[in-house]
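Let me begin by presenting the structure, written as structure tokens, before commenting on it.
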Amino acid sequence: MTAFRFRRAAVAVAAVAVLPLALTACGGDDSSKSAADKGASAPAEEKSTPAMDDAAPGGDGPFGPACASVPKDGAGSFDGMAQDPVATAASNNPALSTLVAAVKKAGLVDTLNNAQNITVFAPTNDAFAKIPKADLDKVLADKEMLTNILTYHVVGQKLTPQQLENGSYETLQKSTLSTKGSGEDYTVNDNSRVVCGNVPTANATVHIVDTVLMPKS
């Protein structure tokens, strides 16, 4: 009887010892793959840079100091803007009222709202305020010049933060703009800083900038 109990105890101990090894073996492929995947994606995660298609709702989300001034709820909030096409979404953001007025004056509301998968570099009201009033009034009064400037702020694809690190992109105006930076610090054409990036709308990604971009040609 004692020998029988001893054998049962030995079997139980052996089973306990083998069980973790069996579990490890069963999960080995998945855990190794997961570890490899995590290792491969670690640099991107450290920089908070989403995958190519993650600029839409569900990506890493907006970033930058000016994001704090975006309304927390309502149509002008990030959730609200994500529901509307870009020109409509911008019209609900108080910091973009000058841009919206310019877009309406140029007759570009439908063009922007009907476009698909675009990026808009959206100058804030303060960005427009950097332009001397006489010069700004002149631009606003010249529809062709205004259209030329505004379409220069639009790229025909959604640009994620990762793509802003070192890029050159053709605009709707047909000349190019350049981007560079890392983490949450990006500039466009070296002199316009992204102050609230990766903002999703229904048809576009918006990177809000602190300086109006001027076409190179």
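Here the structure is a predicted model, which means the values were calculated and not measured.
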>> For Ile131 and Met214: C-alpha separation, side-chain torsions, deciding distance, then whether side-chain contact (heavy atoms from CB on, under 4.5 Å) applies.
In response: CA-CA 11 Å; Ile131 303 173; Met214 292 299 177; 4.1 Å; yes
> Among all residues two or more places apart in sequence or in another chain, which pass the ring-ring contact (aromatic ring centres under 6.0 Å, His included) test with His153?
Replying inline: none
>> Please find the pair of heavy atoms, one from Phe63 and one from Cys67, that lie closest to each other, and give the distance.
In response: O-SG, 3.2 Å
> Are Leu213 and Val155 in one and the same hydrophobic cluster, where Ile, Leu, Val, Met, Phe, Trp and Tyr link if side-chain heavy atoms are under 4.5 Å apart?
Replying inline: yes
> Do Thr171 and Thr151 touch side chain to side chain, with heavy atoms closer than 4.5 Å?
Replying inline: no
>> For Val206 versus Ala122, what's the shortest heavy-atom pair and its separation?
In response: CG1-CB, 3.8 Å
>> If only side-chain N and O atoms count, and only distance matters, is there a donor-acceptor pair under 3.5 Å linking Thr160 with Gln162?
In response: no
> Is the count of non-hydrogen atoms from other residues, nucleotides or ligands lying under 6.0 Å from Asp73 atom CG greater than 12?
Replying inline: no
> What distance separates Lys72 NZ from Ser77 OG, expressed to the nearest 0.5 Å?
Replying inline: 10.0 Å
> For Thr88, does its backbone N or O pair with a side-chain atom of Asn92 as donor and acceptor, under 3.5 Å?
Replying inline: yes
> Has the side chain of Asn203 got a donor or acceptor atom that lies under 3.5 Å from a matching backbone atom of Gln116?
Replying inline: no
>> On a heavy-atom basis, which atom in Phe121 and which in Leu164 lie closest, and how many Å separate them?
In response: CZ-CD2, 4.1 Å
> Do Val154 and Val103 belong together in a cluster built from hydrophobic side chains that touch within less than 4.5 Å?
Replying inline: yes
> Are the side chains of Asp210 and Ser192 in touch, meaning some heavy atoms are under 4.5 Å apart?
Replying inline: yes
> Is the closest side-chain heavy-atom distance between Gln163 and Tyr169 below 4.5 Å?
Replying inline: yes
> In Å and rounded to the nearest 0.5 Å, what is the CD1 to CD distance from Ile149 to Gln173?
Replying inline: 9.5 Å
> In Å and rounded to the nearest 0.5 Å, what is the OG1 to CG distance from Thr124 to Leu99?
Replying inline: 9.5 Å
> Hey, quick one: are Val199 and Val100 part of the same hydrophobic cluster, counting side-chain heavy atoms closer than 4.5 Å, chains of contacts allowed?
Replying inline: no
> Any side-chain heavy-atom pair from Ser69 and Pro94 closer than 4.5 angstrom?
Replying inline: no
>> If we count only N and O atoms by modelled type, under 3.5 Å, do the side chains of Asn125 and Ser97 hold a donor and an acceptor together?
In response: yes
> If every non-hydrogen atom of Ser168 is compared with every non-hydrogen atom of Thr176, which pair is closest and at what distance?
Replying inline: OG-CB, 4.0 Å
> Taking a hydrophobic cluster as the set of Ile, Leu, Val, Met, Phe, Trp and Tyr residues connected by side-chain heavy atoms closer than 4.5 Å, whether directly or through intermediates, do Leu96 and Leu140 fall within one such cluster?
Replying inline: yes
>> Ignoring hydrogens, what is the shortest heavy-atom contact between Ala106 and Leu150? Give both atom names and the distance.
In response: CB-CD1, 3.9 Å
> Of all heavy-atom pairs between Pro123 and Val212, which one has the smallest distance, and what is that distance?
Replying inline: CB-CG2, 3.9 Å
>> Using the ring-ring contact (aromatic ring centres under 6.0 Å, His included) criterion, which residues pair with Tyr152? Sequence neighbours excluded.
In response: none
>> Nearest 0.5 angstrom please: Asp137 CG to Asp142 CG, how far?
In response: 12.5 Å
>> Once rounded to the nearest 0.5 Å, what's the spacing between atom OG1 of Thr111 and atom CD1 of Ile118?
In response: 9.5 Å
> Can you find a heavy atom in the side chain of Arg193 that is under 4.5 Å from one in the side chain of Pro65?
Replying inline: yes
> Just one of Thr187, Asn166, Asp190 clears the side chain to side chain donor-acceptor pair (under 3.5 Å) bar with Lys180, so which one?
Replying inline: Asp190
> Nearest 0.5 Å, what's the OG1-NZ distance between Thr201 and Lys158?
Replying inline: 7.0 Å
>> Check this for me: Lys130, atom NZ, are more than 12 non-hydrogen atoms of other residues, nucleotides or ligands nearer than 6.0 Å?
In response: yes
> Between Thr119 and Leu159, is there a donor-acceptor pair closer than 3.5 Å when you use the side chain of the first and the backbone of the second?
Replying inline: yes
> So, the side chain of Asn189 versus the backbone of Ser178: is there a donor-acceptor pair under 3.5 Å, distance only?
Replying inline: yes
